[in-house]
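To start, the structure itself, in structure tokens.
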Amino acid sequence: MQTKRMTFPGRWLPFALLAPQVIITLIFFIWPAGQALYQSVLREDAFGLKTTFVGLENFARLFRDGSYVNSLSVTVVFAVGTTLLSMSVALLLASTVNRMIRSGSTYTTLLVWPYAIAPALAGVLWWFIFNPSIGIVPYMLEMVGYRWNHRNSGSDAMLLVILAAAWKQISYNFLFFLAGMQSIPQSLIEAASIDGASPIKRFWTIIFPLLTPTTFFLMVVNVVYAMFDTFGIIHATTQGGPAQATNILVYKVYADGFIGLNLGSSAAQSVILMVIVVALTVIQFRFIERRVNY
Amino acid sequence: MVENRPWANFFAHAVLIVGVALVVFPVYVAIVASTQPPDELMRGTIPLLPGSHGIENYTQMWQSGVSSANSPPAALMLWNSFVMAMAITVGKLFISLLSAFAIVYFRFRFRMFFFWLIFITLMLPVEVRIIPTFQVVADLNMLNSFAGLSIPLIASATATFLFRQFFMTVPEEMLEAARVDGAGPMKFFKDILLPLSVTNIAALFVIMFIYGWNQYLWPLLITTDPDYTTIVMGIQRMTSEENPQWHLVMAAVVMAALPPVLVILFMQRLFVKGLTETEK
Amino acid sequence: MSRFTLHALAVGVATASLSLSAHATTEVSWWHAMGGQLGEILEGITTDFNASQDDYRVVPSYRGTYTETMTGAIAAFRADEQPHILQVFEVGTGTMMNAEGAIYPVYELMEDHGRPFDLDAFLPAVVGYYTDTNGNMLSFPFNSSTPIMYYNRDMFEEAGLDPEQPPETWSEVAEFSRQLVDSGAASCGFTTSWPSWVMLENFSAMHNSPLGTLENGFGGLETELNFNNELVARHWDNLHDWQEENVFRWAGPGTGPDSEPMFYSQDCAIFFGSSASRADVAANSEFEVGFGMQPYYEDVEDAPQNSIIGGATLWAMQGHSDDEYAAVAAFFEYLSQPEVQADWHQQTGYLPITQAAWDLSEEQGYYEENPGADIALEQMTLNEPTENSKGLRFGNFVQIRDIISEEMEAVMTGDKSGQEAADDAVERGNNLLRDFEAANQ
């Protein structure tokens, strides 16, 4: 890590400058995280009147519990589905826009704005489009004989939330792919084309490999997004249903803690999520070295 | 693009137009729905073109909300969202600038410790500390307040890191010149560093505003008083009714999405800069 | 400005003016989950109480949904900021009851402050749910309802059925539904909201069939679910079979969200819903609505027994001063007066909790003007409640109810048989019961 050579003198000033951020961090981040750790090894009733130390029992119970294991697999499916869908569509759009000289920026503007829409709103929008009684997509699907109902069918529900989550992320991925592509030297592409390579061949043999750092970076970011930022989508639409089909980890923490009032289990789930975030962040900063300079 | 192939161009345009259409589609549906008269949607018909009832719906949503769903007027909710977003944005910018300045321009004991302390916040999104953070806020009596809505969210590290990166690229000569002139650290900060950082501040402003405006989980947890409902979470209350009044809900959705979208559209360059910078 | 705000302003002004008077009034806070119209009526009650005397003031405060209100109150309790009165939904009874250090049982509260509390004056079915095994009332029933059958009289006529004669047994329901569907009057016979509440909990009560051991959980934390019997399995299988012929249509788990729209849009001719939905049904249906009791299987000896209630009650929370509890006691006494009860019942559709209030409404001619408004009451008082029809008291019941409707859904989609689903529901539910027991030892 680099350090500045020259600094200001000051004994208390730096502490005073840091104080606001540090104090808020301690009160609202560190302390609650510690509380989660503490509560995860306790078993208590909702009011906190009877508490017993149970060690790792809450954790063990989670893994014995069918619904937690289900939540893990649901989260994986959801994260993978969202990441694949939004990245591939974004890649397609970015590589197409990359070819456009004049209309490129117009298309970019037209594709970038969904980033501004809150995940919960994206969920509500797609929920409405797929509404069994008044949605337009079920109406069209019925014409080809498929009765869509995300209230009864777990797979329909999962498809719905994946669509909503991916839709929102396309613009983000698009921007990064585009930036990545535009940093590829033109000379490489020209050379290949002189050699007779078609646009498609050029893409797969030159552009895509050179995009690898961007791709890995986006994969991590998308997985983190799908796991953590999509609470709003699930809560505003399926609430984890039907029958736990969309009960992703983040939602389960909320449902078990807030609604079920099972604080020990919710805290244990929080701790596991913390471990996952740490792992993902480490991966992001360690292996995506190129974009990091401390 | 190296050569000119008309078919490929045509195909490319087609792909992009389909892409844009897919992206715009849900919002178009929302706009159509928000301009329908009340019973049109209840009856199960699916209109494809905007209706004629738009002004009434938006006015109703703006002024009176949906009382059966405990949803206050959109005007109030939008205001709450605005205050919250601004508080988070300004708060974040303020403390991140100060913290980054301290870390880069001073040598003091525990400097690295504080750096890592702030770094940890990147790994503690609200979602992994839901219940305990709620308890802390409840203990501090900050439920149903703008303080509670914004303060717990302003200490995350992304902005601090960005400013730190940027400050480290500021030439040493600036600092030397300031010291020679006898300027103290705060004067340096105010007169030299801040003006240099204006573009970064603006870029971050865009990102943070969108982040703050779109907050969902946190307001949901700590706000039950309709007077403090923000628009994004307020919409969820409307859809969780037995019989949502979709024409009003969609009007609210459009109103909720509009400010951040406008911000992106009008500040696109700053937005892109902010996005790419904060992901380092 | 919405009426809610206006009313809040009025209360605020009244508050301000009251505090200007030299007399010191004891203030108590009431956290509730009644929003919108219901909230306004509730505020009307507290305003009237406050105006009727000078010693005490109740300050109501809307805290969100039932879940949010309860979670908020629990967090407040941990921070020593709990309200005096808390409205808790019936599925939270288990949690509240076992929180000995947090609640002040209502019968003790009333006794300690010299307020009369004649248990005989209360309707047994309403009160039974909230009494302990010794018959003492733990919480104060405020808004109780029970499921009844709503039907579309116009469609009955169209199908050639007598609109004055709702079906009484399940075989009649099936028969009438077939006729409704065959004649083209309706596309589906009946649907239901709150599937667990209606098609398991109340269903079992109406047939005097148990839900769990130890008096459906009243007897202790060691209770176990045991509703996976032949009767329930048969009924759930029937629902599935009936769905095949459009006699029945599943409206979703949990609250059964699709049921009301299907009834209002005249897809389904019969709808099982809370008696408190009367006002909504009247407002949203463009046809004549009839009311009936829950049906039963005639081959079951004890049927029809009586139905059980849902809704919420008011709990008093520990940690306050004696003066403040005196205020709470006075308020509860006020609430149990026949006039107040009758008024609340008539405006909202919730059930009155005393016989006197029922009689008063009768005297006022309310039931003549509003036919069907007393069906719920009659259904609840068909018989003296048995240990299977007093209600239920299971911990973690919020989640257990979700499990039950999930399992029911599996039957509807054909994934499981009625027996399998009931067995699974019992097994999963029992795990949660054991959790609750362990956490509350």
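Here is the naming used below: chain letters follow the sequence lines, and residue numbers restart at 1 for every chain. Note that this is a predicted model, so its numbers are computed, not measured.
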| If we only count heavy atoms from C-beta on, is the B:Phe271 to B:Val263 side-chain gap below 4.5 Å? | no
Cut-off 4.5 Å, heavy atoms of chain A, and the answer for B:Ala183 is backbone
Practice prompt. Measure the shortest side-chain to side-chain distance between A:Pro119 and A:Ile233 over non-hydrogen atoms and say whether it is less than 4.5 angstrom.
Written response: yes
* Asked: Are the aromatic ring centres of A:Tyr225 and A:Tyr172 under 6.0 angstrom apart?
  -> no
Under 4.5 Å to a heavy atom of chain B? For A:Ala179 that would be neither
Between B:Gln268 and B:Ile264, is there a donor-acceptor pair closer than 3.5 Å when you use the side chain of the first and the backbone of the second? no
* Asked: Under 3.5 Å, is there a donor-acceptor pair between the side chain of B:Lys92 and the main chain of B:Ala155?
  -> no
Any sub-3.5 Å donor-acceptor pair from A:Ser40's side-chain atoms to A:Leu37's backbone N or O? yes
Between B:Val254 and B:Ile31, the two heavy atoms sitting closest are CG2-CG1, 4.1 Å
Okay, A:Thr109 and chain B: the region with an atom under 4.5 Å from a heavy atom over there is both
Using atom types as modelled and distance alone, determine if a side-chain donor or acceptor of B:Gln36 lies under 3.5 Å from a backbone N or O of B:Val32. yes
If one checks every heavy atom of A:Leu18 against chain B at 4.5 Å, the contacting part turns out to be both
Contacts satisfying salt bridge (Lys or Arg N to Asp or Glu O under 4.0 Å) that involve residues 251-271 of chain A (not counting sequence neighbours) are A:Lys252-A:Asp256
Comparing A:Tyr107, A:Phe228, A:Phe231, A:Tyr38 against chain B, the one with the most heavy-atom pairs below 4.5 Å turns out to be A:Tyr107
* Taking the six-membered ring for Trp, are A:Phe217 and A:Phe176 parallel (under 30°), tilted (30 to 60°) or perpendicular (over 60°)? -> tilted
Cut-off 4.5 Å, heavy atoms of chain B, and the answer for A:Trp113 is both
| Any idea how B:Phe114 and B:Phe110 line up, ring-wise: parallel (<30°), tilted (30 to 60°), or perpendicular (>60°)? | perpendicular
- So, does A:Ser171 use its side chain to make a donor-acceptor pair with the main chain of A:Tyr115 at under 3.5 Å? yes
Ordered numerically, the heavy-atom neighbours of chain B under 4.5 Å found in residues 259-272 of chain A are A:Leu263, A:Ser266, A:Ser270
Honestly, the part of B:Val18 sitting under 4.5 Å from a heavy atom of chain A is neither
So, the part of B:Leu97 with a heavy atom under 4.5 Å from chain A: the answer is neither
Heaviest contributor of heavy-atom pairs below 4.5 Å to chain B, chosen from A:Phe15, A:Tyr139, A:Tyr251, A:Trp31, is A:Phe15
**Prompt:** Under 3.5 Å, side chain of B:Arg129 to main-chain N/O of A:Phe28, donor-acceptor pair present?
**Reply:** yes
Tell me whether the rings of B:Phe167 and B:Tyr105 are parallel (<30°), tilted (30 to 60°) or perpendicular (>60°). tilted
Whatever's closer than 4.5 Å to a heavy atom in chain A on B:Val20 counts as both
Under 4.5 Å to a heavy atom of chain A? For B:Ile151 that would be both
One option among A:Gln39, A:Met274, A:Gln35, A:Gln21 has the most heavy-atom pairs under 4.5 Å with chain B, and it is A:Gln21
* Asked: When the aromatic ring centroids of B:Phe119 and B:Phe161 are compared, is their separation below 6.0 Å?
  -> yes
Heaviest contributor of heavy-atom pairs below 4.5 Å to chain A, chosen from B:Gly19, B:Pro260, B:Pro26, B:Pro125, is B:Pro26
Interface check, chain A: of B:Phe209, B:Tyr211, B:Phe108, most non-hydrogen pairs under 4.5 Å belong to B:Phe108
Under 4.5 Å to a heavy atom of chain A? For B:Arg179 that would be side chain
Cut-off 4.5 Å, heavy atoms of chain A, and the answer for B:Gln135 is side chain
With chain A, the option among B:Thr133, B:Ile130, B:Leu140 that has the most non-hydrogen atom pairs under 4.5 Å is B:Thr133
Greatest number of non-hydrogen atom pairs under 4.5 angstrom with chain B, of A:Leu273, A:Val250, A:Ile136, A:Asp229, falls to A:Ile136
Candidate pair B:Phe134 and B:Val137, rule side chain to side chain contact (heavy atoms under 4.5 Å, CB included), full reasoning: CA-CA 5 Å; B:Phe134 172 77; B:Val137 171; 5.8 Å; no
Max heavy-atom pairs within cutoff under 4.5 Å with chain A, candidates B:Leu124, B:Ile17, B:Val23, goes to B:Val23
Check whether B:Trp218 reaches the backbone of B:Gly148 with its side chain - one donor and one acceptor, N or O, closer than 3.5 Å. yes
Per-residue tally against chain A (heavy atom, under 4.5 Å) across B:Ile131, B:Ile154, B:Ile210 peaks at B:Ile131
Whatever's closer than 4.5 Å to a heavy atom in chain A on B:Phe106 counts as both
Cut-off 4.5 Å, heavy atoms of chain A, and the answer for B:Met233 is neither
Counting heavy-atom pairs under 4.5 angstrom with chain A, the leader among B:Ile120, B:Leu221, B:Leu22 is B:Leu221
*Side-chain donor/acceptor of A:Asn173 to backbone N/O of A:Leu91, under 3.5 Å*: no
Honestly, the part of A:Thr237 sitting under 4.5 Å from a heavy atom of chain B is neither
Greatest number of non-hydrogen atom pairs under 4.5 angstrom with chain B, of A:Ile170, A:Ile276, A:Val97, falls to A:Val97
